[in-house]
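Report on the following structure.
None of these values were measured; they are calculated from a predicted model. Within every chain, numbering begins at 1; the chains are lettered A, B, ... in the order of the sequence lines, protein sequences first and strands thereafter.
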Number of protein chains: 2
Amino acid sequence: MDDLPPRQAEVLECIRRIIVTRGIPPTYREVGDELGISSTNGVADHVKALVEKGYLRKPMRGVARGLQLTAKTTSMGDSPTLDVPILGNVAAGVPIMADENLDGCLHLGRDMVPGKGPSFALRVRGESMIEEGIHDGDYVIVRQQQTARNGDMVVALVDDEATVKFFFKEGKRIRLQPAHPTMAPIFVGADQRAAIQGKVVAVFRKY
Amino acid sequence: MDDLPPRQAEVLECIRRIIVTRGIPPTYREVGDELGISSTNGVADHVKALVEKGYLRKPMRGVARGLQLTAKTTSMGDSPTLDVPILGNVAAGVPIMADENLDGCLHLGRDMVPGKGPSFALRVRGESMIEEGIHDGDYVIVRQQQTARNGDMVVALVDDEATVKFFFKEGKRIRLQPAHPTMAPIFVGADQRAAIQGKVVAVFRKY
DNA sequence: GAGTATACTGAACGGGCGTTCTGCTGTCAA
DNA sequence: TTGACAGCAGAACGCCCGTTCAGTATACTC
């Protein structure tokens with residue numbers, strides 16, 4: 001993901017920083033001034049490469065300050081902010097990573113979403129994590145990953161349905177443990193692959 | 001707050017919509033095209049008025065697409081998104097509304113933060129609302145207001161310290177009720193004014 | 001009736017800014 | 001050693017775009 005040539009990475013970082021801190025994208029000359037590139041063409045070359053590689057977007061050509069960040073950029077590196085798309089309910093079907101948001105975005109400070117990699121948000125249905133302080137209707141912010149460690153709270157796909165549970169590997173089977181006084185854990189055998197969608201890294205609730 | 005002349009409100013709404021949906025501010029001519037204003041000066045007049053009234057900002061003059069929204073704009077109207085500044089800990093001193101963010105921002109879909117008016121976020125210290133699923137370290141999103149209704153979860157100033165409690169008016173006194181099995185409520189007499197800072201409208205937790 | 005705010009048209013100026021072209025210097029793999 | 005890629009310089013073109021100046025029209029207040 002982050003296999004950019006060093007100078008291109010600097011250019012991308014510079015553009016991202018300016019967009020985040022100033023609220024409006026820089027011009028080629030502004031980028032050049034910051035990085036010591038006197039020719040606009042020098043910057044244009046880098047931008048062209050970054051667009052081709054999917055790190056930047058240029059929706060309208062020939063337009064002043066027309067550079068935009070893509071999801072690839074906002075969910076990478078040490079960006080101070082992060083756009084987390086809300087992909088749907090955690091009890092309804094398979095969540096799919098998409099560029100465009102379905103139900104809006106959670107825009108959070110980078111330090112509030114631990115770890116790297118793409119993230120998404122889901123709405124929790126049911127009370128299975130009530131003892132963790134996660135209620136029906138809460139949103140969970142999930143970092144996409146296929147594996148998990150014992151004790152992690154994960155979003156897993158069981159019978160084509162996504163659920164939020166604690167993850168425990170017990171020998172050959174996996175235990176998906178709810179945080180509810182009366183609900184029983186779900187066991188997934190070695191044959192049925194437990195499709196881990198990601199790890200819950202944050203929770204959001206609306207009153 | 002929203003006492004703008006109708007046409008100025010349309011211009012502001014148009015600019016805000018374009019910034020939110022396209023990610024980059026519009027030019028005067030783009031605004032004019034959308035609203036049927038053929039002269040850039042017509043738009044410039046509206047922008048000038050909106051800047052003077054504090055609804056827009058123009059940090060650099062003479063710069064293409066240099067318009068920015070102010071906190072006044074983002075926390076008003078039917079904006080689809082909302083920037084909520086994080087102002088500090090809920091147990092540490094008086095929260096103050098400021099233009100610039102202290103600890104970053106929660107950028108949330110408008111429909112996720114009920115109600116109107118300016119909002120801010122605070123970090124909760126202690127376990128006093130544990131039974132509500134609000135843990136130590138959680139963030140609460142607070143809509144600024146001076147009054148509250150029975151049962152509201154509010155941020156109140158008691159002895160110059162901000163706390164999160166449920167609000168109940170009981171005759172002449174006010175009861176600030178924690179959601180904790182062993183913690184006692186705080187009573188505020190009629191003489192001591194309970195300084196309500198706002199109402200908790202959302203919660204955010206980071207793992 | 002004078003003054004002020006709103007809401008524009010039309011035109012022109014001048015710098016901002018993306019684009020394009022040519023050409024240069026490296027490095028690295030084939 | 002030929003080629004591809006990264007990373008520039010320098011210059012020129014031409015539209016984009018904020019700004020400014022000069023008016024016009026309506027509505028409202030004093």
Side-chain angles (χ1 to χ4, degrees), chain A residues 1-19 22-70 73 77, chain B residues 1-19 22-70 73 77:
Chain A
M1 179 78 107
D2 207 352
D3 54 348
L4 284 175
R7 201 57 171 159
Q8 286 181 24
E10 285 183 56
V11 171
L12 180 59
E13 168 57 24
C14 174
I15 291 171
R16 197 195 47 68
R17 199 191 65 247
I18 290 178
I19 290 180
R22 294 214 318 232
I24 117 174
T27 66
Y28 287 8
R29 286 168 181 84
E30 286 171 3
V31 174
D33 287 345
E34 293 227 14
L35 299 179
I37 304 173
S38 68
S39 170
T40 55
N41 185 40
V43 180
D45 279 353
H46 290 304
V47 169
K48 194 175 162 191
L50 289 168
V51 169
E52 283 170 0
K53 294 175 183 176
Y55 290 92
L56 287 176
R57 205 172 1 186
K58 236 178 355 174
M60 306 162 284
R61 70 160 278 167
V63 158
R65 301 175 187 276
L67 291 177
Q68 290 184 11
L69 302 178
T70 63
T73 306
Chain B
M1 179 77 107
D2 208 351
D3 54 348
L4 285 174
R7 200 57 170 159
Q8 286 181 24
E10 286 183 56
V11 171
L12 180 60
E13 168 57 25
C14 175
I15 292 171
R16 197 196 47 67
R17 198 191 66 246
I18 289 178
I19 290 179
R22 293 213 320 229
I24 118 175
T27 66
Y28 287 9
R29 286 169 180 84
E30 286 171 2
V31 174
D33 286 346
E34 292 227 13
L35 299 179
I37 304 173
S38 68
S39 171
T40 56
N41 186 39
V43 180
D45 280 351
H46 290 304
V47 168
K48 195 176 162 192
L50 289 168
V51 169
E52 282 169 1
K53 293 176 183 176
Y55 290 93
L56 287 177
R57 205 171 2 186
K58 237 180 350 178
M60 306 160 286
R61 70 160 279 166
V63 156
R65 301 175 186 276
L67 290 177
Q68 291 183 10
L69 303 178
T70 63
T73 306

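- Taking OG1 from A:Thr27 and CG from A:Asp33, the interatomic distance works out to 7.5 Å, rounded to the nearest 0.5 Å.
- One distance of note links CG of A:Asp45 with CD of A:Gln8; it measures 9.5 Å at 0.5 Å rounding.
- Legend: residues meeting side chain to side chain contact (heavy atoms under 4.5 Å, CB included) with B:Ala44, ordered by chain and number and at least two apart, are B:Tyr28, B:Asn41.
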Q) Which is it for B:Ile37 and B:His46 under the side chain to side chain contact (heavy atoms under 4.5 Å, CB included) test, yes or no, and what are the steps along the way? A) CA-CA 11 Å; B:Ile37 304 173; B:His46 290 304; 4.2 Å; yes
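- At whole-Å resolution of the value, CG in A:Leu67 and P in C:dG16 are 19 Å apart.
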Q: Assign a letter to each nucleotide of nucleotides 7-18 of chain D from its 5' end: B, base within under 4.0 Å of a protein heavy atom; S, sugar-phosphate only; -, no contact.
A: SBBBB-----BB
Q. Given B:Val47 and B:Val31, is the side chain to side chain contact (heavy atoms under 4.5 Å, CB included) satisfied, shown in steps?
A. CA-CA 10 Å; B:Val47 168; B:Val31 174; over 6 Å; no
